[in-house]
Undergrad: 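Quick one: this structure, given as structure tokens, is what I'll be asking you about.
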Amino acid sequence: MTIATIPTAPIEGQKPGTSGLRKKVAVFAEPGYLETYTQAIFNAIQPKGAVLVLGGDGRYFNRDAMATILRIAAANGVARVIVGQGGILSTPAASHLIRTRNADGGLILSASHNPGGPEGDFGLKYNIANGGPAPESVTDTIVTCAEHIDRYHILKASAPTLDTLGESSVGDMVIEVVDPVADYAALMEDLFDFDALRQMFAGGFTLCFDAMHAVTGPYATEILERRLGAASGSVINAVPSEDFGGGHPDPNPVWAKRLYDLMLGSDAPDFGAASDGDGDRNMIMGHGIYVTPSDSLAVLAANAHLVPGYKSGISGVARSMPTSAASDRVAKKLGVEAFQTPTGWKFFGNLLDAGRATLCGEESAGTGSNHVREKDGLWAVLMWLNILAVRKVAVDEVLTSHWAEFGRDYYSRHDYEGITADGATALMSALKADLPLLPGRSSDGMTVASAEDFSYADPIDGSVSTGQGIILTYKGGARAVLRLSGTGTEGATLRVYLEQYAEPNQAHDLDAQIALLQVINATTSIAQIKHFTGRDGPDVIS
Ligand code: G1P
Ligand code: ZN
């Protein structure tokens, strides 16, 4: 085995954001960049003799990056790499494979819902042996290694193409190419009542799943159409492409517009859903109704016992801090624990490993459970379908009956995209400096009850994460959260999360922007959003 050791310069200030390292393709493709960063990961994890899983969402640069990573892995003494055929694995499927094969970890190549193609984004994320994203202790070590690196090791031989199932070797390392769908589909068969679902589809239930030309196409076609009998063509945009058909593979009303419009029209199928670039996010819709991710988590928690994989109940529900309090209300009624964690799936890992939480969710279209250690788009779809198959009611009835029982948490997120980093930082600093003065302050008919700079002490390992966003709690059941995005690749993005609770006996049929008008206006003024961003309003409302 001939290894080249190549001198390289440190990579400074490349702290992975909310979800791994994400950069423009052009940055990852710069000579030595991917090589150096991959070596930094290996310096941090010391992979001699390790078994690793490798997969990506199939975006532009995926194959080239795989070939490079395989050569560096071999040069660093990795024993075996399990890789999805064609270099493809959805993020939840990669998480499952790490767990089911007892691998030491995995590398996932994706920039999630960010656009792909030569001008688009690329990303690299390291997951640990539990199948989940590396915790901050590990990502901090990777950053330190990247800042001190001076060489990388790479096999001189080229890596094999990944199109043929089975084992081959490169240097002393075994490369095992596996079917990307098979193990994942088997896990779904374990969790859900496939007979009941087959009966539902045989009885005429209709569905449209938008795979957004991204990685879930083959997974959704196999599970929904082939195994469950949904009509052929129920999965749209099913063929993955390197640039996601030129769109953003982001399952929301803006980017999944064809599906969104279909579901609000008169010819809507019974159920609509979409997933993102790497298959971990979901959008859920019924005829005439969009389910917010916060509500979806609450509904799944309240109904989980109807699904075979969760029939003995759930131990707890964890949600990211900006996610609405809807799931807390369910946890309270069920008498199980409710957790509020910082943004990012990695914060759920310890709670899931310790059995303290069974379901987790984020307002950003992420929902999942202890079946893997990533959020899982298709899993969320199957949860909903299984619940509908048991309850035999439509999506809108599930929601209205949920609100009648628990009340409704009106919810919306306002994003100010591409603002200057200076403006964004100044806004957050001003707000932090003002925190002690905010309680009691009134604006637009709202009064601040408390103001907090959110920090989280992990209940399992005691690690503390500070500066995770500002929470303004208003009197009367309203709340606003302000934080800066950690996944962007251009400028800064301010996210403002808004919620207002309506009791079970109050109106549940208002437009969310109307129900939230006062909290929107009060927050805009208290945080001086116009002043610091120079914007009159958000770029994206979801
Ligand atoms: C966004 C979401 C966050 C999610 C992350 C990775 O991060 O808001 O919930 O965990 O993507 O999918 P942000 O850009 O807000 O840092
Ligand atoms: Zn994703």
Side-chain angles (χ1 to χ4, degrees), residues 15-22 55-59 89-95 108-116 121-125 127 132-134 136 139 211-212 214-216 219 244 248-252 255-256 274-283 292-294 297 318-324 340-349 360-368 372-380 411-419 424 428 454 465 467-469 481-497 538-540 542:
K15 186 167 170 51
T18 323
S19 184
L21 186 71
R22 223 171 265 183
D57 63 10
R59 67 177 58 227
L89 281 175
S90 77
T91 292
S95 180
I108 300 179
L109 278 53
S110 169
S112 188
H113 51 289
N114 292 15
D121 291 345
F122 196 76
L124 176 55
K125 184 168 78 157
N127 280 27
E136 287 197 328
T139 53
M212 307 193 81
V215 78
T216 41
Y219 294 83
F244 309 113
H248 286 225
D250 194 356
N252 64 27
W255 292 106
S275 191
D276 72 332
D278 60 329
D280 57 358
R281 294 187 174 204
N282 71 87
M283 177 168 90
T292 69
S294 294
L297 176 64
R319 63 165 174 86
S320 69
M321 181 270 280
T323 304
S324 92
Q340 176 172 260
T341 61
T343 296
W345 207 261
K346 59 189 170 199
F347 292 101
F348 296 133
C360 326
E362 294 197 279
E363 53 65 42
S364 54
T367 329
V372 289
R373 293 294 179 272
E374 291 278 5
K375 55 199 176 217
D376 188 344
L378 257 179
W379 169 89
Y411 189 83
S412 181
R413 186 175 101 186
H414 290 193
D415 292 329
Y416 294 77
E417 294 181 340
I419 59 175
M428 294 304 284
F454 182 60
S465 306
Q468 299 294 323
V481 172
L482 297 99
R483 61 178 281 280
L484 301 182
S485 160
T487 56
T489 54
E490 268 165 305
T493 295
L494 170 70
R495 302 202 195 285
V496 186
Y497 310 79
D539 301 277
V540 181
S542 52

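Quantities reported herein were computed from a predicted structural model and do not represent experimental measurements. First listed ligand is number 1; within each ligand, the first listed atom is number 1.
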Undergrad: Does an N or O anywhere in Ser364 fall below 3.5 Å from an N or O of ligand 1?
TA: yes

Undergrad: Quick check on contacts: which atoms of ligand 1 are under 4.0 angstrom from a heavy atom of Arg495?
TA: 8 (O), 13 (P), 14 (O), 15 (O)

Undergrad: Check whether any side-chain N or O of Arg59 sits under 3.5 Å from a backbone N or O of Asn114 as a donor-acceptor pair, and report yes or no.
TA: yes

Undergrad: For ligand 1, which atoms, with element, lie under 4.0 Å from some heavy atom of Gly344?
TA: 10 (O)

Undergrad: Under 3.5 Å, side chain of Glu362 to main-chain N/O of Gly344, donor-acceptor pair present?
TA: yes

Undergrad: Hey, is the main chain of Arg281 close enough, under 3.5 Å, to the side chain of Ser275 for a donor-acceptor pair?
TA: yes

Undergrad: For Arg413, check salt bridge (Lys or Arg N to Asp or Glu O under 4.0 Å) against everything at least two apart and list the hits.
TA: Glu363, Asp415

Undergrad: Rounded to the nearest 0.5 Å, how far does OG1 of Thr341 lie from NZ of Lys346?
TA: 11.0 Å

Undergrad: Which ligand 1 atoms does Thr343 reach within 4.0 Å, using its non-hydrogen atoms?
TA: 3 (C), 9 (O)

Undergrad: Using a plain distance cutoff, I'd like to know if Leu484 has any nitrogen or oxygen under 3.5 Å from a nitrogen or oxygen of ligand 1.
TA: no

Undergrad: Anything protein N/O/S under 2.8 Å from the Zn ion (ligand 2)? Just list residue and atom, please.
TA: Ser112 OG, Asp276 OD2, Asp278 OD1, Asp280 OD1

Undergrad: Does any non-hydrogen side-chain atom of Trp379 lie less than 4.5 Å from one of Pro92?
TA: no

Undergrad: Which of the numbered atoms in ligand 1 are below 4.0 angstrom from a heavy atom of Gly486?
TA: 13 (P), 14 (O), 16 (O)

Undergrad: Please answer whether the main-chain N or O of Ser542 pairs with a side-chain N or O of Ser412 as donor and acceptor at a distance below 3.5 Å.
TA: yes

Undergrad: Among all residues two or more places apart in sequence or in another chain, which pass the ring pair (Phe, Tyr, Trp, His ring centres under 6.0 Å) test with Tyr497?
TA: none

Undergrad: Ser485 versus ligand 1: do any nitrogen or oxygen atoms come within less than 3.5 Å of each other?
TA: yes

Undergrad: Tell me the nearest of Glu363, Glu362, Arg281, Met321 to atom 1 (C) of ligand 1, using heavy-atom distances.
TA: Arg281

Undergrad: Mark yes or no for whether Ser95, through its side chain, and Arg373, through its backbone, hold a donor-acceptor pair below 3.5 Å.
TA: yes

Undergrad: Run the numbers for me: atoms of ligand 1, each under 4.0 Å from some heavy atom of Arg413, listed by number.
TA: 8 (O)

Undergrad: Hey, is ligand 1 close enough to Arg483 that some N/O pair sits below 3.5 Å?
TA: yes

Undergrad: I want to know if ligand 1 touches Ser112 in the polar sense, i.e. an N/O pair below 3.5 angstrom.
TA: no

Undergrad: Would you mind running through ligand 1 and noting each atom that sits below 4.0 Å from a heavy atom of Lys375?
TA: 4 (C), 6 (C), 10 (O), 12 (O)

Undergrad: About how many Å separate OG1 of Thr292 and CE of Met283, when rounded to the nearest 0.5 Å?
TA: 12.5 Å

Undergrad: Test of understanding: with ring pair (Phe, Tyr, Trp, His ring centres under 6.0 Å), list the residues that count as partners of Phe122, not counting sequence neighbours.
TA: Phe28, Phe61

Undergrad: If you define the side chain from C-beta out and look only at heavy atoms, does anything of Phe347 sit under 4.5 Å from Cys360?
TA: no

